[in-house]
Amino acid sequence: MGLSDGIRKHGFRKWYERQLLRSHAHMALTFICMIGVLGAFEAASKYRGWLDQAIDVSAVLLCGGTGLWALRRYLYLLMHAENVANQADCPSCGTYARFQLVHADAHGDRALVCCRQCGHQWTIEA
């Protein structure tokens, strides 16, 4: 869900909360994958047979790749949410996250918003 769709459907604060929850779910997946990599290394240290070793190596590669993807996704979602949150202050009166969506571009990554307190309009870019 894009920035403007999320703000229109849920409001900024709920959109921001959902973005943080999504990013932290990826962090939890990274942690689980790290445990999987360590477990697969432990299993690979005991020599049993070539098939078991191949399974252990594939488990290390799968958990490591998934963990790296989840870590990158965690950092992207967190930085995206923080970047938008830093633009949520009204430049005129300084009120945080009390605005309504006026207009959004076709891609949904730029939104014109209006402060509910003073009526000032500014653009938030994703």
Side-chain angles (χ1 to χ4, degrees):
M1 180 179 305
L3 171 67
S4 57
D5 292 335
I7 292 173
R8 185 178 293 118
K9 186 174 181 180
H10 303 290
F12 175 75
R13 291 180 191 226
K14 288 287 185 183
W15 175 86
Y16 180 66
E17 178 183 335
R18 286 171 182 245
Q19 289 295 104
L20 291 180
L21 287 173
R22 285 179 59 203
S23 70
H24 284 83
H26 284 87
M27 182 183 66
L29 178 61
T30 302
F31 183 71
I32 291 169
C33 287
M34 185 180 77
I35 292 171
V37 166
L38 294 174
F41 271 131
E42 175 69 25
S45 68
K46 299 174 175 73
Y47 183 76
R48 292 178 305 265
W50 291 107
L51 181 61
D52 289 336
Q53 291 292 329
I55 290 172
D56 293 339
V57 168
S58 63
V60 167
L61 293 175
L62 180 67
C63 288
T66 304
L68 286 175
W69 171 82
L71 180 63
R72 287 181 48 112
R73 189 72 181 153
Y74 162 68
L75 292 173
Y76 170 76
L77 289 171
L78 185 67
M79 291 300 113
H80 179 257
E82 290 300 314
N83 181 33
V84 173
N86 287 336
Q87 300 174 46
D89 287 330
C90 176
S92 179
C93 67
T95 303
Y96 178 72
R98 289 189 36 92
F99 55 80
Q100 59 188 10
L101 186 67
V102 176
H103 183 272
D105 67 348
H107 301 291
D109 58 352
R110 177 179 274 178
L112 180 66
V113 295
C114 178
C115 179
R116 290 183 185 158
Q117 182 126 356
C118 68
H120 179 75
Q121 291 185 354
W122 75 98
T123 303
I124 294 178
E125 296 180 13

Could you measure the distance from the CD atom of Gln100 to the CD atom of Gln121? Nearest 0.5 Å is fine.
9.0 Å
Please tell me if the side chains of Trp15 and Val84 come closer than 4.5 Å, counting only heavy atoms from C-beta onward.
yes
Do the rings of Trp122 and Phe99 sit parallel, tilted or perpendicular, given the 30° and 60° boundaries?
perpendicular
So do His120 and Cys93 actually touch side chain to side chain, heavy atoms under 4.5 Å?
no
Decide side-chain contact (heavy atoms from CB on, under 4.5 Å) for Cys118 and Cys90; before the verdict, give the C-alpha distance in whole Å, the side-chain angles of both, and the deciding distance to 0.1 Å.
CA-CA 9 Å; Cys118 68; Cys90 176; 3.6 Å; yes
Please tabulate, for side-chain N and O atoms in residues 66-83, each donor-acceptor pair with protein atoms closer than 3.5 Å (sequence neighbours left out).
{"unit_1": "Thr66", "atom_1": "OG1", "unit_2": "Leu62", "atom_2": "O", "d": "2.8"}
{"unit_1": "Glu82", "atom_1": "OE2", "unit_2": "Tyr16", "atom_2": "OH", "d": "2.5"}
{"unit_1": "Asn83", "atom_1": "OD1", "unit_2": "Gln87", "atom_2": "NE2", "d": "3.4"}

CZ of Arg18 to NZ of Lys14, rounded to nearest 0.5 Å, is 7.5 Å
Within this structure, what is the CG-CD distance for the pair Leu3 and Gln19, rounded to the nearest 0.5 Å?
8.5 Å
Output the distance between atom OG (Ser4) and atom CG (Asp105), rounded to the nearest 0.5 Å.
6.5 Å
What is the minimum heavy-atom distance between Cys115 and Thr95, and which atoms define it?
SG-CB, 4.4 Å
Please round to the nearest 0.5 Å and tell me the distance separating atom OG1 of Thr30 and atom NE2 of His26.
8.0 Å
Looking only at atom types and distance, does a side-chain atom of His24 sit under 3.5 Å from a main-chain N or O of Leu20, one as donor and one as acceptor?
yes
Locate the shortest heavy-atom distance separating Cys114 from Val102; write the atom from each residue and the value.
CB-CG2, 3.5 Å
Would a 4.5 Å heavy-atom cut-off, applied to side chains only, mark Arg13 and Arg98 as touching?
yes
Are Tyr96 and Leu101 connected in the hydrophobic side-chain network, where two residues link if heavy atoms are under 4.5 Å apart?
yes
